[in-house]
K.L.:
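Questions regarding the structure given below will be posed in turn.
Predicted model only: the values in this text are computed from it and were never measured. In what follows, residues are counted from 1 in the order of the sequence shown.
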Amino acid sequence: MKHNFDEIIERKNTNSIKYDKLTQYFGKENLLPLWVADTDFKVPTCISEAIIKRAKHEIYGYSYRSEECIRSVQKWLSKRHHWEVKEEWITSSPGVVTALTLILMSLTEKGDKIAVQAPVYHPFFHVVNDTERTLVHNPLIKTKNSYEMDFEQLEQLAKEGLKAIIISNPHNPIGKVWKEKELLRLGEIAKKYNFLVISDEIHQDLIYKAYKHIPLASLSEDLAQRTITCIAPSKTFNVAGLASSVIIIPNVELKKNYDKLLSAMHLGSGNIFGHIAMQAGYEHGEEWLEQLIDYLQNNVNFVREYLSKNIPNIKLIEPEATYLLWLDCRELGLSSDKLNQLFIDTAEVALNNGKTFGKEGEGFMRLNIGCPISVLEKGLNKIKTAVNSLKK
């Protein structure tokens, strides 16, 4: 079935953070929202039909994640990512950020050093600080049109004592798919200095056709034993509001400690409709996903060509994954605050300010292209007009 990703769906007044919290986050209401990492596309029909079918039962008591749901996760990971995951490795969390907090609380101690690789998804900073661990920085190295891990600096941090590193794979916001040799080098350092790797792989399914996602824990037995992998159907199928994630921990002792805290916090039973959506998506949503990736690739191509022709001072960092584009706006010569002001007050579009992702993101903006191309074009036209106003 051909899915209509061009359809414009009204999302205002649906308790949508992306649409209904603009004033809270940006100080203005009438902005074109191209920020929060969900999309403006309907979920696959298989998901909506499964939820509606279950809702018609009209009793929504305590529930659990079924064996069929767990098997759907295993089959999906095997088919899409060539990773054979055992059932006993699988546990849960309402969301990946919740899982990061639980992981730090159950597997590390207060004061332990936890590394992050900025520019990176900003809750990484918060979960480390909020759990009273010590945040240390292993910034990515900017290349001509991408980024690399700084292994030399990471090894120096490890020598000084590192308990864990949180990585984003694929990386948000730069859209990087880490290559096998990069992940193996990270694994070598982790093994040498004996630290954990917490791998946020929530964007694993949104990979453009020329690239391949590699689950970190699939590369070796040692990496499997020191890696905690966090995934979810939320980005894949646009079901973030259903709060259902999968945490994969092959190490028996680590999983035991994680599950003990999960149980103590009474967070393990999950959301009945989240389970339904997860299973339906993983069992029947692949064709929809393939169409989505094609549509997003077309949106990427449109942005690249539009910027080159109309706003050459804004450069696209070529994405390998995700519907989140990293825009290099440094040639505009504006401070981070002035850049943000230009987008909000002049262009009247809501994008994520790059410095939210760490000081390494200053001069950048994150653009969400998970929307109909007509909406994307409208947003780029507004940005073009705003940038042109600087010349006057």
K.L.:
Quick check against the 3.5 Å criterion: does Thr108 have a side-chain atom that pairs as donor or acceptor with the backbone of Leu104?
P.N.:
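Yes, the answer is positive, given that a donor and an acceptor are paired below the 3.5 Å cut-off.
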K.L.:
So that I can tick it off, tell me whether Arg304 and Glu318 are bridged by a salt bridge, with the cut-off set at under 4.0 angstrom between side-chain N and carboxylate O.
P.N.:
yes
K.L.:
Is there a donor-acceptor contact under 3.5 Å linking the side chains of Gln297 and Asn301?
P.N.:
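Note: Gln297 and Asn301 side chains meet the donor-acceptor criterion.
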K.L.:
Measure from the ring center of Phe364 to the ring center of Phe357 and say whether it is less than 6.0 Å.
P.N.:
no
K.L.:
A side-chain contact here means heavy atoms from C-beta on lying under 4.5 Å apart; do Val375 and Leu32 qualify?
P.N.:
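A side-chain contact under 4.5 Å exists here.
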K.L.:
Please tell me whether Ile369 and Met365 are part of a single hydrophobic cluster in this structure, the criterion being side-chain heavy atoms less than 4.5 Å apart.
P.N.:
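Linked, Ile369 and Met365 end up in one cluster.
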K.L.:
Starting at CE of Met265, measure out to CG of Leu262 and round the result to the nearest 0.5 Å.
P.N.:
9.5 Å
K.L.:
Do NZ/NE/NH1/NH2 and the carboxylate oxygens of Asp38 and Lys18 come within less than 4.0 Å?
P.N.:
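The answer is yes: the pair qualifies as a salt bridge.
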K.L.:
When the ring centroid of Tyr282 is compared with that of Trp288, is the distance short of 6.0 Å?
P.N.:
no
K.L.:
So does Ala37 get a backbone contact from the side chain of Lys235, meaning a donor-acceptor N/O pair under 3.5 Å?
P.N.:
yes
K.L.:
When the ring planes of Tyr323 and His203 are compared, do they come out parallel, tilted or perpendicular, using 30° and 60° as the limits?
P.N.:
perpendicular
K.L.:
Going by the angle between their ring planes, with limits at 30° and 60°, are His126 and His122 parallel, tilted or perpendicular?
P.N.:
perpendicular
K.L.:
Could you please spell out the steps behind the salt bridge (charged side-chain N to carboxylate O under 4.0 Å, His left out) verdict for Glu362 and Arg330?
P.N.:
CA-CA 8 Å; Glu362 291 186 6; Arg330 291 175 296 177; over 6 Å; no
K.L.:
Between the side chains of Arg185 and Glu155, is the shortest nitrogen-to-carboxylate-oxygen separation below 4.0 Å, so that they form an ion pair?
P.N.:
yes
K.L.:
Can you check whether Ala99's main-chain N or O pairs, donor with acceptor, with Ser93's side chain at less than 3.5 Å?
P.N.:
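Indeed, once roles are kept as given, a pair shorter than 3.5 Å links the two residues.
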K.L.:
Are the side chain of Thr14 and the backbone of Arg11 linked by a donor-acceptor contact shorter than 3.5 Å?
P.N.:
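Confirmed, Thr14 side chain pairs with Arg11 backbone.
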K.L.:
Hey, are the side chains of Met149 and Leu154 touching, using non-hydrogen atoms and a 4.5 Å cut-off?
P.N.:
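The answer is no, as the side chains (C-beta and beyond) never meet within the 4.5 Å cut-off.
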K.L.:
Charged N to carboxylate O below 4.0 Å: is that the case for Arg71 and Glu67?
P.N.:
yes
K.L.:
Can we say Glu84 and Lys79 salt-bridge, meaning some charged N sits less than 4.0 Å from an Asp/Glu carboxylate O?
P.N.:
no
K.L.:
Starting at CD1 of Ile141, measure out to CD of Glu152 and round the result to the nearest 0.5 Å.
P.N.:
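One finds 8.0 Å between CD1 of Ile141 and CD of Glu152.
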K.L.:
Taking C-beta and beyond as the side chain, do Leu100 and Cys230 meet within less than 4.5 Å on heavy atoms?
P.N.:
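Result yes, sub-4.5 Å side-chain heavy-atom pair found.
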K.L.:
Ile249 and Phe195: same hydrophobic cluster, using ILVMFWY side-chain contacts below 4.5 Å?
P.N.:
no
K.L.:
Please tell me whether Asn257 and Ser106 have a donor and an acceptor in their side chains that are separated by less than 3.5 angstrom.
P.N.:
no
K.L.:
First locate atom CG of Asp259, then atom OG1 of Thr91, and finally report the distance between them rounded to the nearest 0.5 Å.
P.N.:
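The distance works out to 3.5 Å.
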K.L.:
Judged by modelled atom types alone, do Asn13 and Tyr19 share a side-chain donor-acceptor pair under 3.5 Å?
P.N.:
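The answer is no; no qualifying pair exists.
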K.L.:
Asn388 versus Thr385: any side-chain heavy-atom pair under 4.5 Å?
P.N.:
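They are not in contact (no side-chain heavy atoms under 4.5 Å apart), so the answer is no.
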K.L.:
Going by heavy atoms in the side chains, are Ile228 and Leu107 under 4.5 Å from each other?
P.N.:
yes
K.L.:
Are a donor atom and an acceptor atom from the side chains of Arg65 and Ser244 found within less than 3.5 Å of each other?
P.N.:
yes
K.L.:
With a 3.5 Å distance limit and no angle check, can you tell me whether Ser78 reaches the backbone of Lys75 through a side-chain donor-acceptor pair?
P.N.:
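Not at all, since once roles are kept as given, no pair shorter than 3.5 Å links the two residues.
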K.L.:
Above 12 or not: heavy atoms from other molecules or residues under 6.0 Å from NZ of Lys378?
P.N.:
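Not more than 12 within 6.0 Å, no.
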K.L.:
Less than 6.0 angstrom separating the ring centers of Phe41 and Tyr295, yes or no?
P.N.:
yes
K.L.:
Name the one of Leu254, Ile165, Leu162 that satisfies side chain to side chain contact (heavy atoms under 4.5 Å, CB included) with Leu196?
P.N.:
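Among Leu254, Ile165, Leu162, the one that satisfies the side chain to side chain contact (heavy atoms under 4.5 Å, CB included) with Leu196 is Leu254.
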K.L.:
Give a yes or no answer on whether the side chain of Glu283 reaches the backbone of Val73 with a donor-acceptor pair at less than 3.5 Å.
P.N.:
no
K.L.:
Can you tell me how far CG of Asn169 sits from CD1 of Ile202, rounded to the nearest 0.5 angstrom?
P.N.:
13.0 Å
K.L.:
Identify, with sequence neighbours excluded, every residue that meets ring-ring contact (aromatic ring centres under 6.0 Å, His included) alongside Phe124.
P.N.:
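By the ring-ring contact (aromatic ring centres under 6.0 Å, His included) rule, Phe124 matches Tyr121.
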K.L.:
If the threshold is 4.0 Å, N to carboxylate O, is there a salt bridge linking Lys142 and Glu360?
P.N.:
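No salt bridge links Lys142 with Glu360.
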K.L.:
Can you tell me how far the CD1 atom of Ile248 sits from the OG1 atom of Thr229, to the nearest 0.5 Å?
P.N.:
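One gets 5.5 Å once the value is rounded to the nearest 0.5 Å.
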K.L.:
Extract all donor-acceptor atom pairs below 3.5 Å that involve side chains of residues 331-339 and protein atoms in other chains or at least two apart in sequence.
P.N.:
residue : atom : partner : partner atom : Å
Ser335  : OG   : Lys338  : N            : 3.1
Ser336  : OG   : Asn353  : OD1          : 3.1
Asp337  : OD1  : Lys355  : NZ           : 2.8

K.L.:
Within the structure provided, determine whether Pro173 and Leu324 are in side-chain contact (heavy-atom separation under 4.5 Å).
P.N.:
no
K.L.:
I'd like to know if Lys209 pairs up with Asp294 as an ion pair, taking the criterion as any Lys NZ or Arg NE/NH1/NH2 lying under 4.0 Å from an Asp or Glu carboxylate oxygen.
P.N.:
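Yes, charged N to carboxylate O under 4.0 Å.
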K.L.:
Any donor-acceptor pair under 3.5 Å linking the side chain of Asn138 with the backbone of Gln117?
P.N.:
no
K.L.:
Determine yes or no for a side-chain-to-main-chain donor-acceptor pair under 3.5 angstrom, with Glu201 supplying the side chain and Leu216 the backbone.
P.N.:
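Yes; judged by distance alone, with no hydrogens or angles, the pair exists.
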K.L.:
So if you build clusters from Ile, Leu, Val, Met, Phe, Trp, Tyr with side-chain heavy-atom gaps below 4.5 Å, do Tyr193 and Ile198 land together?
P.N.:
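Per the 4.5 Å side-chain linkage, Tyr193 and Ile198 are not co-clustered.
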K.L.:
Would you say Tyr147 and Ile207 are hydrophobically clustered, going by side-chain heavy atoms of ILVMFWY under 4.5 Å?
P.N.:
no
K.L.:
State, to 0.1 Å, how close Gly281 and Trp76 come at their nearest heavy-atom pair, and which atoms those are.
P.N.:
O-CZ3, 4.0 Å
K.L.:
Using atom types as modelled and distance alone, determine if a side-chain donor or acceptor of His275 lies under 3.5 Å from a backbone N or O of Ser269.
P.N.:
yes
K.L.:
Looking only at the aromatic ring of each residue, does the gap between the centers of Tyr211 and His213 stay below 6.0 angstrom?
P.N.:
no
K.L.:
Regarding His81 and Asp205, is there a side-chain donor-to-acceptor distance under 3.5 Å anywhere?
P.N.:
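Side-chain D/A pair, His81 to Asp205: present.
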K.L.:
Under a plain distance cut-off of 3.5 Å, with no hydrogens placed, do Ser168 and Asp200 share a side-chain donor-acceptor pair?
P.N.:
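No.
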K.L.:
For Gly187 and Leu223, work out which heavy atoms get closest and say how close.
P.N.:
CA-CD2, 3.6 Å
K.L.:
Is the closest basic N to carboxylate O distance between Lys212 and Glu320 below 4.0 Å?
P.N.:
no
K.L.:
How close do Gly95 and Ser245 get, counting heavy atoms only, and between which atoms?
P.N.:
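Residues Gly95 and Ser245, closest heavy atoms: CA-OG, 3.1 Å.
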K.L.:
State, yes or no, whether a side-chain contact exists between Ile231 and Leu77 at a heavy-atom distance under 4.5 Å.
P.N.:
yes
K.L.:
Determine, step by step, whether Asn251 and Tyr258 satisfy the side-chain hydrogen bond (donor to acceptor under 3.5 Å, both in side chains) criterion, reporting the C-alpha distance in whole Å, the side-chain angles of both residues, the deciding distance to 0.1 Å, and the verdict.
P.N.:
CA-CA 11 Å; Asn251 184 298; Tyr258 175 89; over 6 Å; no
K.L.:
Taking the side chain from Thr131 and the backbone from Val128, do they hold a donor-acceptor pair closer than 3.5 Å?
P.N.:
yes
K.L.:
Enter the distance from Trp178:CH2 to Glu182:CD here, rounded to the nearest 0.5 Å.
P.N.:
5.5 Å
K.L.:
For Ile247 and Ile90: C-alpha separation, side-chain torsions, deciding distance, then whether side chain to side chain contact (heavy atoms under 4.5 Å, CB included) applies.
P.N.:
CA-CA 6 Å; Ile247 314 304; Ile90 297 175; over 6 Å; no
K.L.:
Under a 4.5 Å cut-off applied to non-hydrogen side-chain atoms, are Val252 and Glu88 in contact?
P.N.:
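No, side chains not in contact.
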